[in-house]
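Right, one structure below, let's go through it.
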Amino acid sequence: MSIDKALEAIRNGQMILIYDFDDRERESDMVIASEFVTTEKITQIRETAGGLLCQTMPYKLAEDLGLPFLSDVFYDAGEKYPILRMMAPSDIPYDRTKSSFGVTINHRDTYTGIPDVDRALTIHRFTELIFQDKAPADIMVDIGKEFRAPGHVHLLNSSSKILANRRGHTELSAAMMYMAGVKPSATICEMMGHDGHSRSKEECYAYAKENNVPIVNGDEVIAAWEEFKQKHPEMDV
């Protein structure tokens, strides 16, 4: 099954593609478990996918660490800067929920933060820190010491009860990480074409076949996730 091949690839630190839905973004994202990110992997993503590089965060963990949705930051700041409330993302054409964007970060040991080596360091070290076996307050201190914001890695906060309230690439990727048994943070990037548009579904499936990269779609992920949750009722994500 394609879902099994994709999960195995994730466990092995390899890339997969996730196509969402024909009635949503109609886009494919290149996805890798954040814990396996290297400079070479970021270069591959940049050269092959070419969209916006982002790192997903579990909803509860982001909440515990005080890492907000960016739309909430803008709304709260609207008291002082009214234009931020005027630009609230209330009309996203493919999504009835708010944007999953969180804050942006750079590791303090980076220079500008944008080269592949910088973003790889930011993602890899952030993943190490947020999944430490420590109290959230202690992790917050570690993050404050090692990271600055804003930066060049976009965090994406998954919604609560993933794939129940929102079915974006953030949640689809998060579900794949949980099912693969790796640290539940994915690094994702949209597949862009050479015509000024996102790469089509057909092109992405052809790329996956030609390059032996597993590809799954949103319906496959949701079906597998529902089965996984039944087997693991203790999971509250």
Side-chain angles (χ1 to χ4, degrees), residues 6 9-18 20 25 27-59 61-62 65-71 73 99-132 139-158 168-174 176-177 180 182-194 198-199 204 207 211 213-214:
I10 290 170
R11 295 184 192 105
N12 291 331
Q14 299 169 353
M15 304 287 187
I16 68 165
L17 297 183
I18 300 178
D20 64 342
E25 289 183 336
E27 291 180 352
S28 297
D29 278 23
M30 182 166 276
V31 176
I32 187 173
S34 296
E35 65 182 281
F36 298 121
V37 161
T38 62
T39 299
E40 292 73 23
K41 296 292 187 182
I42 297 301
T43 300
Q44 180 183 352
I45 292 170
R46 174 175 56 78
E47 292 181 345
T48 305
L52 188 65
L53 190 73
C54 301
Q55 178 175 4
T56 70
M57 282 279 294
Y59 175 85
L61 183 56
L65 297 177
L67 289 167
F69 287 96
L70 197 55
S71 58
V73 174
S99 168
S100 62
F101 277 112
V103 300
T104 59
I105 59 172
N106 279 349
H107 194 276
R108 292 187 186 273
D109 286 347
T110 62
Y111 190 59
T112 66
I114 193 63
D116 297 342
V117 65
D118 283 0
R119 287 188 287 179
L121 170 61
T122 295
I123 292 168
H124 190 80
R125 186 60 183 148
F126 188 74
T127 305
E128 289 181 333
L129 288 189
I130 62 175
F131 294 115
Q132 292 179 99
I139 297 176
M140 289 170 62
V141 171
D142 290 343
I143 292 173
K145 288 179 179 177
E146 290 199 31
F147 290 87
R148 66 173 75 97
H152 291 84
V153 171
H154 293 257
L155 298 182
L156 301 175
N157 296 347
S158 63
H169 277 103
T170 303
E171 288 74 25
L172 294 169
S173 301
M176 291 295 288
M177 299 303 115
V182 299
K183 293 175 181 175
S185 171
T187 295
I188 69 177
C189 185
E190 303 94 341
M191 295 284 281
M192 296 290 104
H194 298 292
S198 301
R199 203 175 301 190
C204 289
Y207 169 87
N211 294 276
V213 176

Between Met191 and Glu27, is a side-chain contact (heavy atoms from CB on, under 4.5 Å) present by the stated rule, with each step listed? CA-CA 7 Å; Met191 295 284 281; Glu27 291 180 352; over 6 Å; no

side-chain contact (heavy atoms from CB on, under 4.5 Å), that's the test. Do Arg148 and Thr110 meet it? Break it down for me. CA-CA 10 Å; Arg148 66 173 75 97; Thr110 62; 3.7 Å; yes

Quick one, Ile123 with Ile42, criterion side-chain contact (heavy atoms from CB on, under 4.5 Å). Give me CA distance, side-chain angles, the key distance, then yes/no. CA-CA 10 Å; Ile123 292 168; Ile42 297 301; 4.0 Å; yes

Checking side-chain contact (heavy atoms from CB on, under 4.5 Å) for the pair Ser28/Tyr207: CA distance, chi angles, key distance, verdict? CA-CA 11 Å; Ser28 297; Tyr207 169 87; over 6 Å; no

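The main-chain N or O of Ala180 is found under 3.5 Å from a side-chain atom of Arg11 such that the two form a donor-acceptor pair. Although no hydrogens or angles enter the test, the distance criterion places a donor-acceptor pair under 3.5 Å between the side chain of Arg108 and the main chain of Lys145. Side-chain N or O atoms of His154 include none that pairs as donor or acceptor with a backbone N or O of Phe101 at under 3.5 Å. For Asp118 (side chain) and Asn106 (main-chain N/O), no donor-acceptor pair under 3.5 Å exists by modelled atom type. Using modelled atom types, one side-chain atom of Thr56 and one backbone atom of Ala186 make a donor-acceptor pair closer than 3.5 Å.
In plain terms, the two heavy atoms of Lys41 and Met15 that are nearest each other are O-CE, 3.5 Å. Scanning all heavy atoms of the two residues, the minimum distance from Thr187 to Ser34 falls at OG1-OG, 2.9 Å. Listed here is the closest heavy atom pair of Met30 and Leu17: CA-CD2, 3.7 Å. Taking every heavy atom of both residues into account, Phe131 and Ser185 meet most closely at CE1-CB, 3.9 Å. The two residues Thr104 and Ala149 come nearest to each other via the heavy atoms O-CB, 3.2 Å. For the residue pair Ile18 and Ile16, the shortest heavy atom distance occurs at CG1-CD1, 3.9 Å.
Among the candidates Ile188, Val37, Val153, the single residue satisfying the side-chain contact (heavy atoms from CB on, under 4.5 Å) test with Gln55 is Val153. A side-chain contact (heavy atoms from CB on, under 4.5 Å) with Leu156 is found for one member of Ser99, Ser100, Ser173 and no other, namely Ser100. Between Met176 and the choices Val182, Ile10, Val31, the side-chain contact (heavy atoms from CB on, under 4.5 Å) rule is met once, by Ile10. Exactly one of Thr39, Leu121, Thr38 qualifies for a side-chain contact (heavy atoms from CB on, under 4.5 Å) with Asp116. That residue is Thr39.
Side chains of Pro68 and Val103 form a contact here, defined as non-hydrogen atoms less than 4.5 Å apart.
With rounding to the nearest 0.5 angstrom, the CG atom of Leu53 is 10.0 Å from the OG1 atom of Thr122. Within the model, atoms CD of Glu146 and CG of Asp109 stand 7.5 Å from one another, a figure rounded to the nearest 0.5 Å. Distance check, rounded to the nearest 0.5 Å: CE of Met57 to OG of Ser158 gives 8.5 Å. A distance of 9.5 Å separates CD of Glu128 from CD of Glu35, quoted to the nearest 0.5 Å. We find the CG-CD1 distance between Leu65 and Ile143 to be 5.0 Å, quoted to the nearest 0.5 Å. A distance of 9.5 Å separates CD1 in Ile114 from CZ in Arg46, rounded to the nearest 0.5 Å.
Ring geometry for Tyr59 versus Phe69: interplanar angle of 30 to 60°, hence tilted.
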